[in-house]
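Down below is the structure, laid out as structure tokens.
Sequential numbering from 1 along the given sequence is applied to the chain's residues.
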Amino acid sequence: MALKMIQGSTEAQYKKIWEYCAEIKKTHEGSTMKIMFTPFRGSGGNPKFMRLYCYLGPLKKGFKDGCRPIIGLDGCHLKEIYRGQLLTVIASDSNNGWWRIAWAVVEREATEQWAWFLKYLSEDLKIENQCYYIFISDQQKYCVQHMYRNFKKKHIGLALRNRLWNIACCTTVEMYNKAMDELQTIDKAAYEWVKKAHHHWHWCKAYFPTHVKSDMIVNNLCKSFNAHIKDARDQPIITMLELIREYLMNRIQRRRATMGKYKGSIGPLINEIVETRVKHSSQWMPIWNALHGYQVKGPRGAQFADHWPPSTMPVLDPPTSVTQSGKPKKARRRDVTEGRDHGRRLRRRIIIHCRKCGEVGHNIAMCKKPLNEETQQGSNRSSEAQPSSQQR
């Protein structure tokens, strides 16, 4: 009784639903609120509530200004007296986080309800070319994490687990084919399972469209949001909608205050990814071709030769070894104008003096003459000068 007095009667909140939608449109410019109800059933009977669609104006503007064209669809159960389903649409922001777009309260989760929900969503987002957007279904069959849960039922082991994730994380078609060949050599049955799985366009990075600017291979955007509104799903309809709206307001404000102190030009999570890849690429050296291209060489001369696109020409074997006439020469063949003392003539201007005998043409190591008097006196003078300098 106390909770009923505090939160209000569930039936009374359904009767106030029109006033609530009008207030939302008034206080949140650009918002869309749609209500569907059963037709009238004669005199004295009121229509019954069926569905409600909510898209707040600030969330609409935020999605268009700073989110990627990735839309995740999911539904969760409502636990209040009249039950139902809460359908949600989540987007991915520029920092790899989630951004709530719209939500709807429906009687059940089925094709009819999703079609009604997405009809209003496409009108709000003005979706004309649907191929530009990437829709992630809540069926989870394209999520690599859920693929692995089915994969490990028959193929157990850490090595096979790492191979599956390596295949999903390949960024080029050549890397994908090479990873698949390596899996085939290790376990042919696991290779056949991956080949028969859902098309790699849905779960391998190498086949993701580039305009999306995302390499997300798991479907955890919607699940993380549903976990935050777990308590709100127990409340009457208006109380639940207000808890969701207030939670989103507080979350946006907290992140705005945090980013006000941030000095980077890109998001913090994206900056961490860039810094990690910069450290990894520090061992690779680019060689400029003086125009608009570079050749990149890694440690120990490593290159991406293994990832060249496959050729349709026949495979060639090494040539047959042919014995050449004469003995192979390793020394450089001299020119006709070069003599055997060509290198010595270049050093004739250097005059060598011997410090022992004072003559020209050799040094002290090759000298065979006794020490002369002038050189001996010079060496004595230098030896007498050394202690005097030490005393100073």
Practice task
Identify the two heavy atoms, one from Cys170 and one from Ala179, that lie closest to each other, and give their separation to 0.1 Å.
Solution key: SG-CB, 3.9 Å

Handout entry: Residue Lys64 excluded, over 12 heavy atoms near NZ under 6.0 Å
Key = yes

Exercise for the section: Specify the closest pair of heavy atoms between Trp116 and Lys34, including all atoms of both residues, with the distance to one decimal. Expected result: CH2-O, 4.3 Å

Handout entry: Glu29 atom CD, neighbour heavy-atom count above 12 within 6.0 Å
Key = no

Handout entry: Candidate list Arg108, His77, Gln113, Glu107, test side-chain hydrogen bond (donor to acceptor under 3.5 Å, both in side chains), partner Gln85, passing option
Key = His77

Problem - Atom CE of Met259: over 12 foreign heavy atoms under 6.0 Å - result: yes

Handout entry: Heavy atoms from other residues, nucleotides or ligands near CZ of Arg256 exceed 12 (cutoff 6.0 Å)
Key = no

Exercise for the section: Give a yes or no on whether the ring-centroid distance for Trp99 and Phe63 is below 6.0 angstrom. Expected result: no

Exercise for the section: Report yes if some heavy atom in the side chain of Leu73 is under 4.5 Å from a heavy atom in the side chain of Leu118; otherwise report no. Expected result: yes

Problem - Distance flag, aromatic centroids of Tyr82 and Phe49, threshold under 6.0 Å - result: no

Handout entry: Heavy-atom check, side chain of Leu52 versus side chain of Tyr14, under 4.5 Å
Key = no

Exercise for the section: For the pair Tyr133 and Phe135, name the ring-plane relationship: parallel under 30°, tilted 30 to 60°, perpendicular over 60°. Expected result: tilted

Handout entry: Derivation and outcome, salt bridge (charged side-chain N to carboxylate O under 4.0 Å, His left out), residues Arg51 and Glu112
Key = CA-CA 12 Å; Arg51 304 166 191 169; Glu112 179 185 353; 3.2 Å; yes

Problem - Spacing of OH belonging to Tyr191 relative to OG1 belonging to Thr185, to within rounding of 0.5 Å - result: 11.0 Å

Exercise for the section: Nearest 0.5 Å please: distance from the CG atom of Leu86 over to the OG1 atom of Thr88. Expected result: 6.0 Å

Exercise for the section: Would you give the length of the straight line joining atom CE of Met50 to atom CD1 of Ile35, rounded to the nearest 0.5 angstrom? Expected result: 13.0 Å

Exercise for the section: Would you check if His280 and Thr276 make a side-chain contact, meaning some heavy-atom pair closer than 4.5 Å? Expected result: no

Practice task
For the pair His228 and Tyr247, name the ring-plane relationship: parallel under 30°, tilted 30 to 60°, perpendicular over 60°.
Solution key: parallel

Exercise for the section: Before accepting this row, confirm whether a basic side-chain N of the pair Lys279/Glu275 lies closer than 4.0 Å to the acidic partner's carboxylate O. Expected result: no

Problem - Check: Asn363 side chain, Met366 main-chain N or O, donor-acceptor pair, under 3.5 Å - result: yes

Problem - Spacing of Cys76 atom SG and Lys230 atom NZ [to the nearest 0.5 Å] - result: 11.5 Å

Problem - Minimal non-hydrogen separation, Met240 against Ala232, with atom names - result: CG-O, 3.2 Å

Exercise for the section: Using a 4.5 Å cut-off on heavy atoms from C-beta on, say whether the side chain of Arg68 contacts that of Asn96. Expected result: yes

Practice task
Tell me who clusters with Trp288, hydrophobic residues only, linked when side chains sit under 4.5 Å apart either directly or through other members.
Solution key: Tyr294

Practice task
Quick one: pull up CG in Leu121 and CD1 in Ile101 and give me the separation to the nearest 0.5 Å.
Solution key: 6.5 Å

Problem - Within-4.5 Å side-chain heavy-atom neighbours: Ile229 and Leu243 - result: no

Handout entry: Gap between atom CD1 of Ile70 and atom CD1 of Ile134 - 0.5 Å precision
Key = 7.0 Å

Practice task
Can you spot which of Lys25, Glu242, Gln13 makes a side-chain hydrogen bond (donor to acceptor under 3.5 Å, both in side chains) with Tyr20?
Solution key: Glu242

